[in-house]
Amino acid sequence: MLKADLRIDGKSPTWRAYRQELYAFRDVAWMLIRRDLIVRFRQTYFGLAWLLFKPMTLMFAMMFAFGFLAGFDTTYSVPYPLVIFCGVIPWYFFSNALPDSMNSLVGHMHIIQKTYFPRAIIPLTVIVVDAFEFFFAWLLFIFGCLWFDYRPGWECLFFPLFCLQLFMLCTAIGLFLAIANLRFRDVGNLVPFLLTIGFFVTPVGYTLSRIPENWQFFYALNPLVGIIEGFRWSLLGGLNGFPLIPVMLSLFFTSTLGFIAMRHMIRVDPLVVDMA
Amino acid sequence: MSEVVIAIDGLGKRYRLLRRHRPDSLKTWLRALAWRAVPGQVEEARDEEFWALRDFSLQVRQGECVAVVGRNGSGKSTLLKILSRVIPPTTGWARVRGRVASLLEVGTGFHPELTGRENIFLNASMLGCPEQQIRGRFDSIVDFSGVERFLDTPVKHYSSGMYMRLAYAVAAHVDADILIIDEVLAVGDDEFRKKCLGHLTLSLSQGRSAIVVSHNLSVVRSLASHVAWLQDGRLFQFGSVDSEILHNYAA
């Protein structure tokens, strides 16, 4: 069967055409994911254990800072390590996925300059690889539940939805950063710095309830607030009520930004090499 | 007459040689934005233009192999990059019918930490070859490359010759209707080069079409049916490989 003609005129593809091409090149995506997973753990002695070690250590550091020094842990009805895990694991993913996707297009320039596949595949696969680590890290939470003899309630059925929202947020910001980094390497300096600040204005080691009530709305403009508090609601049901406003704010931010990011990506797809 | 598989019309690629105001930082970009807001102040007017390829038109019919020749910087690689969709053309268009495999480089996507086996699949996927198809040709690829013993060794331990052989073996086994090839025949020792040439000639004889860039005129003579001579980004002469063009070019 003859495939339809391919017209090369430098125009950006339509949504539909782009979706078809993403599907047509799914093999490339799968191979890149496999490559990254293999390369990350080949020649490492501890292999997958690294994926647990890092968030675990972060959790202990936060127990020290917020629990021991600031004395937050006495006020929660749920074991404090579990409260922290719900923040640390999404944050850890976020703080890895952003720089990784930001550097993805620039880092794959040697491939991009030699062959064509939809450029969005590169930042997307990088995020998928980080998502593998993210899911793996929840083992820590499961161990924690066994250790403290804690059982999540029916709300845990909503866990996948918050994962989805987190991935969408990372993808949206990641696509923007990947494109911006092509021309302005400034973002390479900016992002790690913003992440350091972001850590303190995100409820990782503490909870939203620590924020004075009349400031909570502004605090929740940070789209991660709704997601992390959502995880806490879904896994630690007894801890707080459903954080409706933060989740809605985050959902609005995520979907708007996601839409714009994808449209921007499709628009600049043919220009990626020239922009660098 | 057989069907036209590649039609190129008025293809051009312009680059801007940015003299003073290279927008390589956020600061200059913001300033340029500010300038643009003021009517009549167009910063870009100071840029010098350079056409790497200009008004290039060509048709390739099924079974033909067009060799593109020309000096360095005459636009050969720009042409192949546009046809491979790596960079967009500034003007004109090209229409391609059938599956295209671009070999702008052998071993695109090879990763040093991956084994030969893993790299075969990675590289093949980037050349647009489905995994199933590569599975079917795997033995043939390994055989062609002659690196069977080292298949499960990371390619960072390969000698450069072995690396190139493996890379070319994958490229040679990609099934496509149209091949776009940039100087990739310059690999390996004489014997391997002959093997590659033989393989390419065979696949061309099976009705595939190709656009090949080469500086090696004997390769051009043995492969190509037509020659396109590029000069300063423009098509200078085009004709059958038997015509005077190659003779003039060599002179």
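Reminder, nothing fancy here: chain letters follow the sequence lines and each chain counts from 1.
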Take a 6.0 Å sphere around [atom1] of [X] and say whether it holds more than 12 heavy atoms from other residues, nucleotides or ligands.
{"X": "A:F136", "atom1": "CZ", "answer": "yes"}
{"X": "B:Q206", "atom1": "CD", "answer": "yes"}
{"X": "A:F132", "atom1": "CZ", "answer": "no"}
{"X": "A:R263", "atom1": "CZ", "answer": "no"}
{"X": "A:F135", "atom1": "CZ", "answer": "yes"}
{"X": "A:R42", "atom1": "CZ", "answer": "yes"}

Exercise for review: Return the minimal non-hydrogen interatomic distance between B:P89 and A:G10, and the atom names on each side.
Suggested key: CD-N, 3.5 Å
Check your understanding: Between the side chain of A:D5 and the main-chain N/O of B:R95, is any donor-acceptor distance below 3.5 Å?
Key -> no
Please round to the nearest 0.5 Å and tell me the distance separating atom [atom1] of [X] and atom [atom2] of [Y].
{"X": "A:M31", "Y": "B:I120", "atom1": "CE", "atom2": "CD1", "value": "11.0 Å"}
{"X": "A:L6", "Y": "B:I178", "atom1": "CG", "atom2": "CD1", "value": "9.0 Å"}
{"X": "B:W93", "Y": "A:K11", "atom1": "CH2", "atom2": "NZ", "value": "11.0 Å"}
{"X": "B:D9", "Y": "A:D9", "atom1": "CG", "atom2": "CG", "value": "11.5 Å"}
{"X": "A:R35", "Y": "B:S125", "atom1": "CZ", "atom2": "OG", "value": "10.0 Å"}

Study note, to complete from the structure: Under 4.5 Å to a heavy atom of chain B? For A:R26 that would be neither
**Study point:** Interchain contact, A:I38 with chain B, by part (heavy-atom threshold 4.5 Å)
**Key:** side chain
Check your understanding: Are any of the side-chain nitrogens in B:E113 or A:R40 under 4.0 Å away from the carboxylate oxygens of its partner?
Key -> no
Check your understanding: Below 4.0 angstrom, N of the basic side chain to O of the carboxylate: do B:K13 and A:D274 qualify?
Key -> yes
**Study point:** Sole candidate of A:I8, A:T115, A:V273 that passes side-chain contact (heavy atoms from CB on, under 4.5 Å) when paired with B:R85
**Key:** A:I8
Heavy-atom proximity to chain A below 4.5 Å, by part of [X]:
{"X": "B:E118", "answer": "side chain"}
{"X": "B:F110", "answer": "neither"}
{"X": "B:T115", "answer": "both"}
{"X": "B:I82", "answer": "both"}

Check your understanding: Would you say B:E131 and A:W30 make side-chain contact, with heavy atoms under 4.5 Å?
Key -> yes
Review point. For A:K114 and B:M126, what are the C-alpha separation, side-chain angles and deciding distance, and is it a side chain to side chain contact (heavy atoms under 4.5 Å, CB included)?
Key: CA-CA 10 Å; A:K114 296 296 178 187; B:M126 294 198 171; over 6 Å; no
